[in-house]
Amino acid sequence: MELNGDGLSVAVIGATGAVGRDLLEAMGRSRLPVGKLRLFASMATTGETIEVEGQTHRVWSLLGSDRIPEQFDGTDLVFL
């Protein structure tokens, strides 16, 4: 994964779980051009940080269902 400002806006739901961490590792081995990476997980891990490609990313929780659409405005790709 190449983190740069010109790539895709990518969101990962469940980023702190086993599958989410494996996905982030697989993305790191890929050539996926990522410009913005947003990580989401349960309330229990909200606020934690995860390092991806040398950059630290904060973990966010998904807010109430009425706010979910705005959390993904401008997102090109979502992994669940």
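Looking at Val59 and Thr49, their side chains never come closer than 4.5 Å, going by heavy atoms from C-beta outward. Between Ile50 and Arg21, some side-chain heavy-atom pair lies under the 4.5 Å cut-off. Using a 4.5 Å heavy-atom threshold, the side chains of Val78 and Leu80 count as touching. Under the 4.5 Å side-chain criterion, counting only non-hydrogen atoms from C-beta, Leu8 is not in contact with Val34. The closest side-chain heavy-atom distance from Phe79 to Val10 is below 4.5 Å.
Ring centers of Phe72 and Phe40: under 6.0 Å apart, within the cut-off.
The OG atom of Ser61 sits 10.5 Å away from atom CD1 of Ile13, with the distance rounded to the nearest 0.5 Å. One distance of note links OG of Ser30 with CG of Leu23; it measures 9.0 Å at 0.5 Å rounding. One finds the CD atom of Glu51 at 5.0 Å from the OG1 atom of Thr56 (value rounded to the nearest 0.5 Å).
Using a 4.0 Å cut-off between a side-chain N of Lys or Arg and a carboxylate O of Asp or Glu, Arg29 and Glu25 qualify as a salt bridge.
Considering every non-hydrogen atom in both Ala15 and Leu24, the closest pair reads O-CD1, 4.1 Å.
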Show the numbers, then the answer: is there a side-chain contact (heavy atoms from CB on, under 4.5 Å) between Leu37 and Glu53? CA-CA 11 Å; Leu37 181 62; Glu53 295 292 301; over 6 Å; no
